[in-house]
Amino acid sequence: MAHRTLRAAVAAAALAAFIVLPACRKEPPAPPALPDTETVGAKEANRTVVPVNQVVTPAGVQVSLAGLRPQALALSPDGKLLAVSGKTPEIVVLDAATGAIRQRVMLPAEPEDEPGPAATSENILAPDEKGQLSYTGLVFSPDGRLLYMSNVNGSIKIFAVGADGAVAPARSILLPPAGAPRRDEEIPSGLA
């Protein structure tokens with residue numbers, strides 16, 4: 001019996017060597033508390049807080065397009081141009097490699113808004129200041145010489161792309177009325 005008691009005492013002493021009481025343990029300092037809320041926007045390199053309370057840390061080049069609210073992107077067939085459009089009456093053309101903004105191009109006029117033949121040029125158009133991209137409707141033609149955009153106001157906007165990559169408004173194609181219960185204009189979306 002004494003032998004078992006001695007063994008139990010040795011085991012208890014060995015176990016006690018590994019028990020650390022909370023008062024004896026030294027805790028590392030606590031990390032600084034993060035704020036409960038952060039303002040939306042870019043914080044530092046590669047860290048942005050978005051309006052839905054998420055933080056994104058994207059890889060690659062980020063380009064700020066203030067006021068645009070981008071909704072669609074189209075990469076030219078040669079991979080050199082990136083066209084972006086959204087909630088404004090323009091197309092923003094970027095250099096796809098660097099992210100540099102090359103151009104801001106106003107939308108071509110709607111057919112009924114186009115002026116009559118001008119003495120100086122048939123290409124002078126009043127820009128469509130009420131148009132904007134319809135959901136996912138932005139695409140380059142396979143040869144890269146045209147850029148098409150679906151407009152929420154019932155038309156397809158067409159832009160000419162020069163050999164040097166310069167984009168210019170060309171014309172608009174008015175779509176037939178949809179005849180929907182609350183809206184006459186068609187709402188085109190994705191293009192192919």
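Both backbone and side-chain heavy atoms feed into the values below; hydrogens, waters and symmetry mates do not. Sequential numbering from 1 along the given sequence is applied to the chain's residues. Quick caveat: nothing in here was measured; it's all calculated off a predicted structure.
Summarising the geometry, atom CD1 belonging to Ile158 is positioned 10.0 Å from atom OG belonging to Ser141; distances are rounded to the nearest 0.5 Å. The CZ atom of Arg145 sits 14.0 Å away from atom OG of Ser76, with the distance rounded to the nearest 0.5 Å. To the nearest 0.5 Å, the span separating CG on Leu138 from OG on Ser85 amounts to 6.0 Å.
Looking at heavy atoms from C-beta onward, Phe159 lies in side-chain contact with Met149 at the 4.5 angstrom threshold. In this structure the side chain of Ile156 reaches within 4.5 angstrom of the side chain of Leu175, judged on heavy atoms. Between Val50 and Val40 the shortest side-chain heavy-atom distance does not fall below 4.5 Å. Ile187 has its side chain out of reach of Asn153: every pair of non-hydrogen atoms, C-beta onward, lies at least 4.5 Å apart. Looking at heavy atoms from C-beta onward, Val84 lies out of side-chain contact with Ile91 at the 4.5 angstrom threshold. For the pair Leu65/Val92, a side-chain contact is recorded, criterion being any heavy-atom separation below 4.5 Å from C-beta on.
Among all heavy-atom pairs drawn from Phe140 and Pro77, the shortest one is CB-CD, 3.8 Å. Looking at every heavy atom in both residues, Pro169 comes nearest to Leu107 through CB-C, 4.4 Å. Scanning both residues, Glu110 and Ser155, for their nearest heavy atoms gives OE2-OG, 2.7 Å. For Gly165 against Gln103, the heavy-atom pair with the smallest separation is O-OE1, 3.9 Å. In terms of heavy-atom proximity, Leu75 sits nearest to Ala96 at CD1-CB, 3.9 Å. Here the closest heavy-atom approach between residue Ala109 and residue Ser172 is recorded as O-OG, 2.8 Å.
With hydrophobic clusters built from ILVMFWY side chains whose heavy atoms lie under 4.5 angstrom apart, Leu81 shares a cluster with Leu147. Transitive grouping of hydrophobic side chains (ILVMFWY, heavy atoms separated by less than 4.5 Å) brings Val52 and Val56 into a common cluster. There is no path of hydrophobic side-chain contacts, each under 4.5 Å, that joins Val167 to Ile101. Clustering ILVMFWY residues whenever any of their side-chain heavy atoms sit less than 4.5 angstrom apart, transitively, puts Val61 in the very cluster that holds Leu73. Val152 and Ile173 fall into different hydrophobic clusters, where Ile, Leu, Val, Met, Phe, Trp and Tyr residues are linked whenever their side-chain heavy atoms come under 4.5 Å apart, directly or through other members.
Under the side chain to side chain donor-acceptor pair (under 3.5 Å) criterion, Lys43 pairs with Thr39, sequence neighbours left out. Listed by chain and number, the residues in a side chain to side chain donor-acceptor pair (under 3.5 Å) with Arg104 are Glu90 (sequence neighbours excluded).
Asp95 contributes a side-chain N or O that, together with a main-chain N or O of Thr98, makes up a donor-acceptor pair within less than 3.5 Å. Checked by atom type and distance alone, the side chain of Gln71 never pairs as donor or acceptor with a backbone atom of Arg69 at under 3.5 Å.
Salt bridge status for Arg47 with Glu38: present, with a side-chain N to carboxylate O gap under 4.0 Å.
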